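See below for the structure under consideration.
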Amino acid sequence: MANDPAERPHKPKSKYTADRGMPGAYEGETVTRRALFTGGALAAGGLASAAFGLPALGFALGPIFERTEPESFEDVGPLADFNPQTYVPKMITIGADIGEPGKTTVYVRKHDPSRDTDHLGYPYVAISTRCAHLGCPVRYVQAAERFICPCHGGVYGFDGKVAGGPPVRPLDRFETKIQNGRVLVGPRFSVNSHLDKFHARDPSNHLDGLWKYLYPRRPTTP
Ligand code: FES
């Protein structure tokens with residue numbers, strides 16, 4: 001007979017709590033009440049956390065997958081509507097199926113090779129009204145040839161470059177083309193301080209120097 005505990009044959013532990021000598025155990029019970037209530041409390045806590053957490057997560061991540069750009073080119077008027085000296089405000093749709101909130105104003109003028117310094121190659125300049133600081137709508141003032149943001153004093157020049165205030169990059173633009181004697185406005189894009197073209201970025205995203213690597217574009221923004 002082996003006296004060394006290590007040499008004694010191993011007896012499997014009973015699944016019944018009564019056999020395991022648990023105080024207050026019932027005949028045939030396999031899960032202690034403490035374990036049952038602990039599991040129940042954890043499950044209830046998990047459900048409560050999910051009830052609060054999932055909607056918040058959806059709210060936070062939803063905009064990443066939301067498309068806010070025109071699907072295609074939109075007609076904004078005949079060529080005769082535009083000239084190189086001033087901008088003409090036009091309404092375009094950037095969010096389909098949501099009515100008025102999906103519309104935005106875009107300032108359009110004819111490209112002027114003698115004045116414009118960009119090499120973007122578009123025949124018309126279409127400037128977004130969304131301020132590159134925090135997104136307030138800017139307004140074009142012809143007398144000053146400036147775009148003015150009412151929120152924090154952002155000022156942009158005639159070509160949309162930052163002339164003062166907190167904006168971190170020029171105003172966004174839209175692609176343009178001519179078709180059958182009419183001006184069409186297409187997808188939005190962003191530009192850096194040299195008016196180099198980038199995929200559309202959100203307001204406050206820098207696009208110059210190393211900063212542009214800290215502000216990658218959203219996956220679904222064209
Ligand atoms: S949102 Fe335009 S300056 Fe702040």
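As the structure lists them, so they are numbered: ligands from 1, and atoms in each ligand from 1. Small disclaimer: the values here were computed from a predicted structure and weren't measured. We use all heavy atoms of the structure for the numbers below, so side chains are in, but hydrogens, waters and symmetry mates are not.
- Within the structure, side-chain hydrogen bond (donor to acceptor under 3.5 Å, both in side chains) contacts touching residues 177-186 (residues at least two apart or in different chains) are Asp75-Arg182.
- Nearest heavy atom pair, residue Lys110 against residue Phe82, reads N-CB, 4.3 Å.
- Under the 2.5 Å cut-off for SG-SG separation, Cys151 and Cys136 qualify: their sulfur atoms lie closer than that.
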Point to revise | Derivation of the salt bridge (charged side-chain N to carboxylate O under 4.0 Å, His left out) call for Glu145 and Arg109 | key: CA-CA 13 Å; Glu145 293 195 332; Arg109 70 170 166 84; over 6 Å; no

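- Of all protein atoms, those of element N, O or S that lie under 2.8 Å from atom 2 (Fe) of ligand 1 number 2.
- Residue Tyr107 shares its hydrophobic cluster (ILVMFWY side chains chained together at separations under 4.5 Å) with Tyr87, Val125, Ile127, Val138, Tyr140, Phe147, Tyr156, Phe158, Val162, Leu171.
- Qualifying side chain to side chain donor-acceptor pair (under 3.5 Å) partners for Asp159, counting only residues two or more places apart in sequence or in other chains: none.
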